[in-house]
2 protein chains.
Amino acid sequence: MFELSHLRCFVAVAEELHFGRAAVRLNLSQPPLSRQVQLLEHALGVRLLERTSRVVRLTRAGETFLPEARRLLRLAEGAALAARRTASGEAGSVTLGFTAASGYDFLPRFIQTFRAQAPGVDLVLKEMVSADQFESLAAGRIEIGLVRPWFNRREFSSQLVAREPLLLAAPEGHPLAQAAEVALADLDQQPMVTYSPYEARYFYDLVAALCASAGATPHYVQHVSQIHSILGLVKAGLGVALVPRAAGNLRFDGVLLRPIALDARSGEAPNLVELHAVWQPTNTNPALATLRGLLPRVG
Amino acid sequence: MFELSHLRCFVAVAEELHFGRAAVRLNLSQPPLSRQVQLLEHALGVRLLERTSRVVRLTRAGETFLPEARRLLRLAEGAALAARRTASGEAGSVTLGFTAASGYDFLPRFIQTFRAQAPGVDLVLKEMVSADQFESLAAGRIEIGLVRPWFNRREFSSQLVAREPLLLAAPEGHPLAQAAEVALADLDQQPMVTYSPYEARYFYDLVAALCASAGATPHYVQHVSQIHSILGLVKAGLGVALVPRAAGNLRFDGVLLRPIALDARSGEAPNLVELHAVWQPTNTNPALATLRGLLPRVG
DNA sequence: TCGATCGATGCCATTTTTGGATTGATGTTC
DNA sequence: GAACATCAATCCAAAAATGGCATCGATCGA
């Protein structure tokens, strides 16, 4: 069988129709070039060039072979480039898990940044709750997850990627929605829609801790998993709720969002709501490294 | 840069995930295989395989490169095959010139045979009178021509490919068309449409010689180039004509064809009408050799 | 007829490749 | 935990391939 180096020799001669000039082009001398082309012809069992001591011309078989030879050389370079780009993380594919809520704000902004910075990487998205993401990571179904606390999975690496405050969600016309901001104490004895302690434990605990910190005891009228469901119940007048600021991107008619007032010392609502990226430390996918490098850009 | 032999080594290892088995497959020993794969990785500047003393696994770059490597090897084999098929005349292209009349019978039958026997050869057809075919041959516009005599072009090779008789063409109802065959003597003083002595000299001379051989002197009422035009004038009642048997394939309504009666000794009409193939003897197109080899099949 | 140019061939030095021997690492069995 | 088998990598000598110089026969132009 022939080699790519034979093809380079043949292509140079076929294009120059002169062994001397082709040899110069290939940085070798004319005798080895003559021999290399002869080796190619022998390997193929076909005469590719007709030559006298003065004239070099392609045979019909040579005419057939020349475009194929050029194509092989081009494809070889392309294959090398593709391998290099994959190795460097410029090209490849990553499977990313995300929670519904992270899809409201962080994820869209991250995807935008990621596509701009790494257009050659294919991002495969899978929505699932945090617990399922850990299972999928362990099973290799996803390579990185966007999850809520709390987790204590030592076998995964993690990185905090975003924090945001909780806001009050109240129906239009609700007394608490009239003010520009709301004191936590005002939530005492208020009907409130809160999170499921099972399917949304992180948010359940967060809300409970926040209210307890102010000595407020809301009247929890419903426990729900999804934020968009919570907003629906708020609109229906069942009560108020505390939701992450990103929920504002849902633009729910009939529901107003108000910051929580703080004591005079701190000045701004604490960013209590955390979002973490998690992955297997042994993952060697270069595109994952590329992705992880871009996470801090969107915080 | 890497070589196709490197690709073969890599593909074998990638498929076996074991250097020893891959080496056996490639008919070489394990140490040189290990080194060849290392050379490929060095040439690319990319790690394609992760390996410990016990485990071999593709990297992501290796996963990207493997299908490209397989493709290159396949295309290399295909390129070799294409060159061999062109060299053997199994594949390629031929330009063939032909006269209008040869298109009635010989050429269709030849094309049918040629396509069956040489499906990989592209046949490019160009209709032109014999004189123009010689010019086109000399100029390289066609590679073989189907021409009528007479020619005396020593620089071309030729081969008689078909012969056929002349038949009498008479309008329906014409007295000469009532009999199953016609004596040449019957043509004496008959109105006759014949060939142009300039644009169809071969046929003009043939008809004149045939009539003179029987002592008949037809009354030539028209001189025309093309056989289908002659048949039209016969139908119109201007006279009879002598045409090659292949003209019967035109199926001209209103015109009957009758064989020419011979003297008792010979028994059948002589095949006076000749068709020759001509080409440049220096032409090296293998597909032309294939075509020429098939010409005698259709005679 | 002579000289210049060209591709092919001979020969040799250098480089590359191959295979056997061996190594260190790793997993299995006892 | 030790012994053993297996595996990919390394070392080294031998074989093969490559490249370059010298030269050849053929061909073209002056």
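The sequence lines fix the lettering, A, B, ..., with proteins before strands; numbering per chain opens at 1.
- Between Glu41(A) and Arg51(A) there is a salt bridge, with a side-chain nitrogen of the basic residue lying less than 4.0 Å from a carboxylate oxygen of the acidic one.
- Projected onto DNA chain C by closest heavy-atom contact, Leu17(A) and Val55(B) fall at different nucleotides, the more 5' of which corresponds to Leu17(A).
- The backbone N or O of Glu274(A) sits less than 3.5 Å from a side-chain atom of Tyr202(A), completing a donor-acceptor pair.
- Contact check, Arg54(B) against dA25(C): no side-chain N or O comes under 4.0 Å of OP1 or OP2.
- The distance between atom CD of Gln36(A) and atom P of dA8(C), rounded to the nearest whole Å, is 13 Å.
- Remark: Arg70(B) engages Glu15(B) in a salt bridge, criterion side-chain N to carboxylate O under 4.0 Å.
- Of all heavy-atom pairs between Glu68(B) and Ala79(A), the closest is CB-CB, 3.5 Å.
- Atom P of nucleotide dT23(C) and atom CD of Gln30(B) are separated by 15 Å, given to the nearest angstrom.
- In this structure, Glu16(A) places its CD atom 12 Å from P of dC6(C), rounding to the nearest Å.
- Smallest separation of non-hydrogen atoms from Ala83(A) and Ala61(B): O-CB, 3.5 Å.
- In the interface, the side chain of Arg35(A) is paired with the base of dG10(C) through a donor and an acceptor atom under 3.5 Å apart.
- Among residues two or more places apart in sequence or in another chain, the salt bridge (Lys or Arg N to Asp or Glu O under 4.0 Å) test is passed with Asp205(B) by Arg201(B).
- Side-chain contact between Leu275(B) and Leu160(B): absent, with no pair of heavy atoms (C-beta onward) separated by less than 4.5 Å.
- Here chain B contacts DNA chain D (any atom closer than 4.0 Å to a heavy atom, that is under 4.0 Å), and the contacts span dA5(D) to dC12(D) from 5' to 3'.
- Across all strands shown, Leu28(B) has heavy atoms under 4.0 Å from sugar-phosphate atoms exclusively, and none from any base.
- Following rounding to the nearest Å, His18(A) (NE2) and dA8(C) (C1') show an atom-to-atom distance of 14 Å.
- With salt bridges taken as basic N to acidic carboxylate O contacts below 4.0 Å, one links Glu143(A) and Arg60(B).
- A salt bridge does not link Glu199(B) with Arg148(B): none of the charged nitrogens is closer than 4.0 Å to a carboxylate oxygen.
- One atom, CG of Asn27(B), and another, P of dT17(C), lie 19 Å apart when rounded to the nearest Å.
- If you take NE2 of His6(B) and C1' of dT16(C), they are 10 Å apart, rounded to a whole angstrom.
- Summary for the helix from dT1(C)-dA30(D) to dC30(C)-dG1(D): the axes at its two ends, each from 5 pairs, differ by 20° when rounded to the nearest 10 degrees.
- Contact between the side-chain N/O atoms of Gln38(A) and the OP1/OP2 oxygens of dG7(C) is not found at any separation under 4.0 Å.
- Using a 4.0 Å heavy-atom distance criterion, Leu39(B) is classed as a sugar-phosphate-only contact.
- Among the atoms of the strands shown, only primed sugar atoms or phosphate atoms (P, OP1, OP2) are found under 4.0 Å from some heavy atom of Thr52(B).
- Atom pair Leu58(A):CG and dG7(C):P shows a separation of 14 Å (rounding to whole Å applied).
- The side-chain heavy atoms of Phe65(A) and Leu40(A), taken from C-beta on, include a pair separated by under 4.5 Å.
- The side chain of Ser34(A) places an N or O atom within less than 4.0 Å of a non-bridging phosphate oxygen (OP1 or OP2) of dA8(C).
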